[in-house]
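A quick write-up on the structure given underneath.
The analysis underlying the following values was restricted to heavy atoms, covering all of them including side chains, and did not include hydrogens, waters or symmetry mates. Here, residue 1 is the first one in the sequence, and each next residue gets the next number. Being a predicted model, the structure only gives us computed values, none of them experimental.
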Amino acid sequence: MRVKHYADVYECQYPFESGLREEISSILDEIQDFQQRRTNVQATMSDWDWGERCGSKRVADLKQFILQKAMDKNPMHTGADSYRCMFHVKDFWINIYNKNDYAREHTHTPNDISFVYFVKCERYHSPIVFSDSKKRIRPQNGKLVLFPSYLKHYVPIHKFEEKRVTLSGNLLVI
C-alpha cells in the first residue's frame, strides 16, 4: 500500500472504502447534529463516540486499519528517536459538510494522533489545510490522513450542493 509523507502528515488509501461508503451513505439522513456548531467544525457533527455506538463491523474494521497505520507510520516520531507505539481510539465522529459549512483553524491537543477519513466527497470539494505548512490535502473517497494532534488545520467553506462526509477522530498512546 502506498503511503505519502508530508512533514508529519501521512496519507494512504483504505482498501475497503466502497462498502463502508455505501453503508454510511445509507444512514446520513439519520445522523443528528449533536454538537450544534459549538465546536470548530461548523457543519453537522455527530457525538464524540459515534464509532462505538454505530455497531458496524465495517466501521470497526476501519478503526483497526487506522490503529495499524498509526503504529506503522507514527507521525509523532520520525528519525533517530522513532519507536513503535500502541494507540487507543479516544474519539470517533462523523462530519457532514453541506453548502457553506467549514471548520475553523484548530488543533486536537492534548491528544497524540488525529485523523480524517474521507467517506463521501469529490476531488473538487474543500480540502483539509494544514496552516503552518500550507499543505492542502484534496478529498478522495477512502483516503485516510493521519497527523500529530498539535498541527493546526482547517477546512475552507464548502461551496457545493453535494455533501462532503468525513470521519474524524483522535488516538492516544497507551
Original post:
What pairs with Glu122 under side chain to side chain contact (heavy atoms under 4.5 Å, CB included), at least two apart in sequence or on another chain?
Top reply: Tyr124, His125, Glu162
Original post:
Out of curiosity, His158 NE2 to Asn95 CG, how far, rounded to the nearest 0.5 Å?
Top reply: 12.5 Å
**OP:** Say whether Leu172 and Tyr150 are linked into one hydrophobic cluster, either directly or through other cluster members, by side-chain heavy-atom distances under 4.5 angstrom.
**Re:** no
Original post:
In chain order, what residues pass the salt bridge (Lys or Arg N to Asp or Glu O under 4.0 Å) check against Lys57, with sequence neighbours excluded?
Top reply: Asp61
Original post:
Has Lys69 got its NZ or CZ under 6.0 Å from the middle of the six-membered ring of Tyr10, at an angle within 45 degrees of the ring axis?
Top reply: no
Subject >> Under the side chain to side chain contact (heavy atoms under 4.5 Å, CB included) test, residues paired with Asn98 that sit two or more places apart >> reply: Thr44, Ile96, Asp101, Lys163
Original post:
Going hydrophobic residue to hydrophobic residue with side-chain gaps under 4.5 angstrom, can you get from Tyr117 over to Val155?
Top reply: no
**OP:** Indicate, with yes or no, if the rings of Trp93 and Trp48 have centres closer together than 6.0 Å.
**Re:** yes
Original post:
Looking at CE of Met71 and CE of Met86, how far apart are the two atoms once the value is rounded to the nearest 0.5 Å?
Top reply: 5.0 Å
Subject >> Side-chain donor/acceptor of Asn141 to backbone N/O of Cys121, under 3.5 Å >> reply: yes
Original post:
Can you check whether Ser168's main-chain N or O pairs, donor with acceptor, with Thr166's side chain at less than 3.5 Å?
Top reply: no
Subject >> Flag, side chain of Ser114 to backbone of Asn170, donor-acceptor distance under 3.5 Å >> reply: no
Original post:
Which residues pass the side chain to side chain contact (heavy atoms under 4.5 Å, CB included) test with His106, sequence neighbours left out?
Top reply: Asn40, Ala103, His108, His153
**OP:** Rounded to the nearest 0.5 Å, what's the gap from CG on Leu146 to CG on Leu67? Could you check?
**Re:** 9.5 Å
Original post:
Quick one: ring-ring contact (aromatic ring centres under 6.0 Å, His included) partners of Phe118, sequence neighbours excluded?
Top reply: none
**OP:** Supply the members, apart from Val129, of the Ile/Leu/Val/Met/Phe/Trp/Tyr cluster built from side-chain contacts under 4.5 Å; use none for a lone residue.
**Re:** Tyr154
Original post:
Hey, what do you get for CD1 (Ile128) to CZ (Phe147), rounding to the nearest 0.5 Å?
Top reply: 4.5 Å
Original post:
So how far is it from Leu62 CG to Ile24 CD1, rounded to the nearest 0.5 Å?
Top reply: 7.5 Å
Subject >> hydrophobic_cluster_shared for Leu144 and Val89, side chain cutoff 4.5 Å >> reply: yes
Subject >> side-chain contact (heavy atoms from CB on, under 4.5 Å) assessment of Leu171 paired with Asn111 >> reply: CA-CA 6 Å; Leu171 308 177; Asn111 298 291; over 6 Å; no
Original post:
Mind checking what makes side-chain hydrogen bond (donor to acceptor under 3.5 Å, both in side chains) contact with Asp47, not counting sequence neighbours?
Top reply: Arg53
Original post:
Who are the ring-ring contact (aromatic ring centres under 6.0 Å, His included) partners of Tyr97, not counting sequence neighbours?
Top reply: none
Original post:
If you look only at pairs with a residue in residues 20-46, which of them pass as a ring pair (Phe, Tyr, Trp, His ring centres under 6.0 Å), with sequence neighbours excluded?
Top reply: none
**OP:** Output the distance between atom OG (Ser56) and atom CH2 (Trp50), rounded to the nearest 0.5 Å.
**Re:** 7.0 Å
**OP:** Mind jotting down which residue pairs meet the salt bridge (Lys or Arg N to Asp or Glu O under 4.0 Å) criterion with at least one end in residues 16-27? Sequence neighbours excluded, please.
**Re:** Glu17-Arg21, Glu23-Arg58
**OP:** Taking Ser46 for its side chain and Ile94 for its backbone only, find out whether a donor-acceptor pair lies under 3.5 Å.
**Re:** yes
Original post:
Does Ala43 offer a backbone N or O that forms a donor-acceptor pair with the side chain of Arg37 under 3.5 Å?
Top reply: yes
Subject >> Contacts of type ring-ring contact (aromatic ring centres under 6.0 Å, His included), residue Phe16, not counting sequence neighbours >> reply: Tyr14
**OP:** Taking side chain to side chain contact (heavy atoms under 4.5 Å, CB included) as the test, write out the residues that go with Thr107, two or more places apart.
**Re:** Thr109, Lys152
**OP:** Write down the atom of Arg138, the atom of Pro127, and the distance for their closest heavy-atom approach.
**Re:** NH1-CD, 3.6 Å
Original post:
Within the distance-only criterion (no hydrogens, no angle test), does the side chain of Glu11 pair as donor or acceptor with the backbone N or O of Val145 below 3.5 angstrom?
Top reply: no
**OP:** Answer yes if Leu151 and Ile137 sit in the same cluster of Ile, Leu, Val, Met, Phe, Trp and Tyr residues linked by side chain heavy atoms under 4.5 Å apart, and no otherwise.
**Re:** yes
**OP:** May I ask whether Leu28 and Val41 are part of the same hydrophobic cluster, defined by side-chain heavy atoms of I, L, V, M, F, W, Y residues being less than 4.5 angstrom apart, directly or through others?
**Re:** no
Original post:
Looking just at side-chain N and O atoms, do Ser149 and Asp112 make a donor-acceptor pair shorter than 3.5 Å?
Top reply: no
**OP:** Give a yes or no answer on whether the side chain of Asp33 reaches the backbone of Met45 with a donor-acceptor pair at less than 3.5 Å.
**Re:** yes
